[in-house]
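Written below as structure tokens is the structure these notes are about.
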Protein chains: 2
Amino acid sequence: MQLTDRQKLILTLIIHEHIRTAQPVGSKSLVEKYNLAMSSATVRNEMSVLTDYELLRQPHTSAGRVPTEEGYRFFVGNLVQQSGLPTNTRRTITHQFYQSRQDIEQWLRLAASVLANQSQAASLVTAPHAEKAIFKHLELIATRGRQVLMVLVLMGGEIRQQFISLSEPVSQERLSVIAAQISNMCVRCDVEKISRMRTQTDALGKDILDILIAEMTLIEESTTGEIYLDGMTNVLSEPEFAESDEARQALHILEERSLLENLLASTVMNIDVGGIQVLIGGEGTWQELRQCSIVLARYGDPDTLTGSIGVLGPIRMPYDRTISTVRFVANVLSDLVTETLAV
Amino acid sequence: MQLTDRQKLILTLIIHEHIRTAQPVGSKSLVEKYNLAMSSATVRNEMSVLTDYELLRQPHTSAGRVPTEEGYRFFVGNLVQQSGLPTNTRRTITHQFYQSRQDIEQWLRLAASVLANQSQAASLVTAPHAEKAIFKHLELIATRGRQVLMVLVLMGGEIRQQFISLSEPVSQERLSVIAAQISNMCVRCDVEKISRMRTQTDALGKDILDILIAEMTLIEESTTGEIYLDGMTNVLSEPEFAESDEARQALHILEERSLLENLLASTVMNIDVGGIQVLIGGEGTWQELRQCSIVLARYGDPDTLTGSIGVLGPIRMPYDRTISTVRFVANVLSDLVTETLAV
DNA sequence: TTTAGCACTCTCGCCTTGAGAGTGCTAAAA
DNA sequence: TTTTAGCACTCTCAAGGCGAGAGTGCTAAA
């Protein structure tokens with residue numbers, strides 16, 4: 001499908017106008033609004049062609065045109081110009097990051113907040129996560145009785161904390177010794193290697209190693225780290241969401257962690273750090289997302305630690321701006337992650 | 001204001017019916033629906049009295065009655081019977097808790113999820129938080145270069161992790177020694193006591209202590225720990241939220257952490273563990289909550305660690321059931337917290 | 001190839017209208 | 001004194017009719 005420049009222009013303008021107004025766009029109003037150097041009849045003819053190509057759609061005879069999902073896809077794939085964010089926006093965002101506490105959690109929260117505010121939509125950010133869990137450090141802290149707090153640090157800075165119940169009370173001194181022992185023994189080891197070390201410790205050490213192995217396996221099996229959401233309410237004022245129940249179901253995907261993990265696993269996990277993926281109208285697969293689009297990116301260090309960020313909004317979304325924002329925030333996070341967390 | 005038994009009955013029935021249907025309730029339909037042993041005219045007279053008391057309201061002449069906020073308050077204060085949850089519901093909930101991973105974070109998430117599902121509304125759970133920050137354990141883990149991961153454990157099990165930049169690179173060995181030193185020296189101390197210890201260490205130790213003190217001060221100043229939300233989408237299908245923009249603003253309060261902290265600070269912080277507070281229609285103070293009610297409770301150990309849980313839904317909320325649920329979940333959490341986290 | 005002109009279509013807001021639900025009042029019954 | 005039947009009145013809401021407005025497609029001329 002090869003479009004003439006004029007057809008591209010008209011498609012672009014219709015999408016712009018529709019994004020602005022959420023209404024079907026007519027030929028006459030389009031010519032007037034943008035002072036086009038052609039008559040409305042010409043525009044009508046072109047619209048007719050674009051409708052044949054299934055890039056536009058008429059809600060009913062004698063209404064204006066609305067872009068189809070295919071139309072948006074063509075737009076995003078071919079017509080969006082990579083504007084990049086205005087310099088002062090970039091500066092504001094960067095500034096916020098360097099002003100916040102130096103803490104990965106704060107950064108991720110901030111990233112979610114920035115995405116939500118800049119795009120006026122819902123945003124999600126997953127914590128960086130390594131495909132392979134490599135042990136770094138173990139800490140055991142007595143609380144009381146047989147309850148012990150286990151803090152596990154992985155290469156890359158992922159931290160997991162968990163209460164464990166030992167079969168009998170153990171003093172903090174003994175716990176510290178064991179933790180140091182295990183830390184020394186296992187540093188830079190993966191699950192398999194650690195499994196083979198079970199024989200090298202006493203009974204208590206074995207118990208702890210078992211729990212450690214279970215935990216590391218669990219981490220390795222999960223596809224993402226912690227998920228941060230923001231801006232869910234932004235999207236509620238959009239007419240699509242205010243009206244249809246269906247659109248609201250999309251927010252349910254964000255809330256239900258398992259659904260969201262599935263979605264991420266089958267989309268963004270395949271793209272490269274630095275790349276952008278745009279999911280328009282659920283792409284036929286995701287029923288709940290039929291009225292939504294998602295702009296996704298991956299950040300981090302491709303070989304070790306990666307995470308995802310994304311923006312969820314109505315299909316009628318200002319893609320150019322959103323894509324720029326997502327790309328920029330992904331880059332900022334990549335920088336922060338490789339600077340502070342790399343192995 | 002003293003109501004006769006019959007007036008109380010009628011008020012209760014109207015509230016029940018209105019909660020069910022979200023519509024104004026008329027005298028005739030009420031008599032028919034509940035097979036009342038009186039005529040609709042009698043009901044009308046009583047309704048008229050209740051309207052004079054401002055417990056009921058007419059949306060317009062010749063419409064049925066709707067409970068006022070005052071009406072709901074009277075209902076919650078005087079007429080709600082403490083039914084308690086059905087035994088099998090209690091069992092299901094308890095079961096879920098003891099089946100989940102033994103991990104405070106999982107419990108809190110689960111609590112939010114249970115509240116949201118049981119009440120079909122939005123829920124919030126804050127992590128247990130001590131008024132006074134008491135040091136328990138410090139861990140320093142080298143990442144690379146001058147970046148160090150600091151893990152701070154407080155009495156009660158609150159854990160904070162943060163990246164810090166030292167002025168020069170330090171080996172993991174030295175970091176471990178310093179961490180052990182500080183851990184020994186400061187265990188069971190509060191911020192003031194630790195501040196006075198700054199002289200007892202070398203330059204590096206001083207730097208770390210400073211950061212430690214700053215962090216503990218920050219923790220002490222904050223009113224709540226981490227906040228877990230769930231079920232935001234539940235509430236979106238209620239007519240109040242589907243229609244008015246105003247109701248949707250209420251969800252914004254949940255999203256904006258600072259707003260939520262304010263709200264909690266000025267309400268639930270004052271009630272005792274085991275007590276329940278019901279905020280109806282924002283109580284005149286919280287504009288954004290005018291169309292919502294919140295049922296709040298505190299859990300934990302009154303003297304040391306406490307957190308809040310709550311449910312946010314439309315004013316038209318099944319208070320008896322919601323209150324029972326919130327109370328029950330608060331008790332479960334209290335048990336878990338005192339069992340595993342107490343000093 | 002573009003454009004002016006025209007007949008035609010469809011939505012949307014506005015109005016009217018009638019049914020339905022509910023109220024308050026009054027006078028009779030308990 | 002309290003309760004109830006009866007009745008006139010009020011207000012909403014859904015349905016139908018109507019006209020204005022916006023938009024389309026087609027045709028013939030520029």
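Numbered from 1 within each chain, the chains take letters A, B, ... in sequence-line order. No hydrogens, no waters, no symmetry mates; every other heavy atom, side chains included, goes into these values.
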Atom pairs and distances, donor-acceptor, side-chain atoms in residues 6-14 of chain A, under 3.5 Å, two or more places apart:
unit_1: Arg6(A); atom_1: NE; unit_2: Glu46(A); atom_2: OE2; d: 2.8
unit_1: Arg6(A); atom_1: NH2; unit_2: Glu46(A); atom_2: OE2; d: 2.8
unit_1: Gln7(A); atom_1: OE1; unit_2: Thr4(A); atom_2: N; d: 2.9
unit_1: Gln7(A); atom_1: OE1; unit_2: Thr4(A); atom_2: OG1; d: 3.4
unit_1: Gln7(A); atom_1: NE2; unit_2: Glu46(A); atom_2: OE1; d: 3.2
unit_1: Thr12(A); atom_1: OG1; unit_2: Lys8(A); atom_2: O; d: 2.7

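No donor-acceptor pair closer than 3.5 Å links the side chain of Ser293(A) to the backbone N or O of Pro314(A). A donor-acceptor contact shorter than 3.5 Å links the side chain of Thr126(B) to the backbone of Ser308(B).
Helical stems in DNA chain D, defined as runs of 3 or more consecutive Watson-Crick or G-U wobble pairs with donor-acceptor distances under 3.5 Å: C:1-30 with D:1-30.
Residues from residues 5-20 of chain B lying near DNA chain D, meaning a heavy-atom separation below 4.0 Å, are Arg6(B) in numerical order. Near DNA chain C, defined here as any heavy-atom distance below 4.0 Å, the residues from residues 22-43 of chain B are Gly26(B), Ser27(B), Ser29(B), listed numerically. Contacts of residues 58-71 of chain A with DNA chain D (heavy atom under 4.0 Å): Gln58(A), Ser62(A), Ala63(A), Gly64(A), Arg65(A).
Residue pairs that meet the ring-ring contact (aromatic ring centres under 6.0 Å, His included) test with at least one member in residues 3-57 of chain B, sequence neighbours left out, do not exist here. For the salt bridge (charged side-chain N to carboxylate O under 4.0 Å, His left out) condition, the pairs that include at least one residue of residues 286-296 of chain A, sequence neighbours left out, are Glu246(A)-Arg290(A).
Residues passing the side-chain hydrogen bond (donor to acceptor under 3.5 Å, both in side chains) test with Tyr228(A), sequence neighbours excluded: none. Every residue two or more places apart in sequence or in another chain that forms a salt bridge (charged side-chain N to carboxylate O under 4.0 Å, His left out) with Glu261(A) is listed here: Arg257(A). Applying the side chain to side chain contact (heavy atoms under 4.5 Å, CB included) rule to Ala63(B) yields the partners Pro59(B), His60(B); only residues at least two apart in sequence or on another chain are considered. With sequence neighbours left out, Thr322(B) forms a side-chain hydrogen bond (donor to acceptor under 3.5 Å, both in side chains) with no residue at all.
For the residue pair Thr89(B)/Thr92(B), the side-chain donor-acceptor check at 3.5 Å is not satisfied.
Between Leu312(A) and Ile253(A), the closest side-chain pair of non-hydrogen atoms is not below 4.5 Å. Side-chain contact between Ile323(A) and Val278(A): present, with at least one pair of heavy atoms (C-beta onward) separated by less than 4.5 Å. The side-chain heavy atoms of Ile15(A) and Leu79(A), taken from C-beta on, include no pair separated by under 4.5 Å. Considering only heavy atoms from C-beta on, Leu289(B) comes within 4.5 Å of Leu263(B) through its side chain.
Rounding to the nearest 0.5 Å gives a distance of 9.5 Å between CD of Gln249(A) and CD of Gln287(A).
For DNA chain C, the contact window with chain B, defined by any atom under 4.0 Å from a protein heavy atom, covers dG22(C) to dG24(C) in 5' to 3' order.
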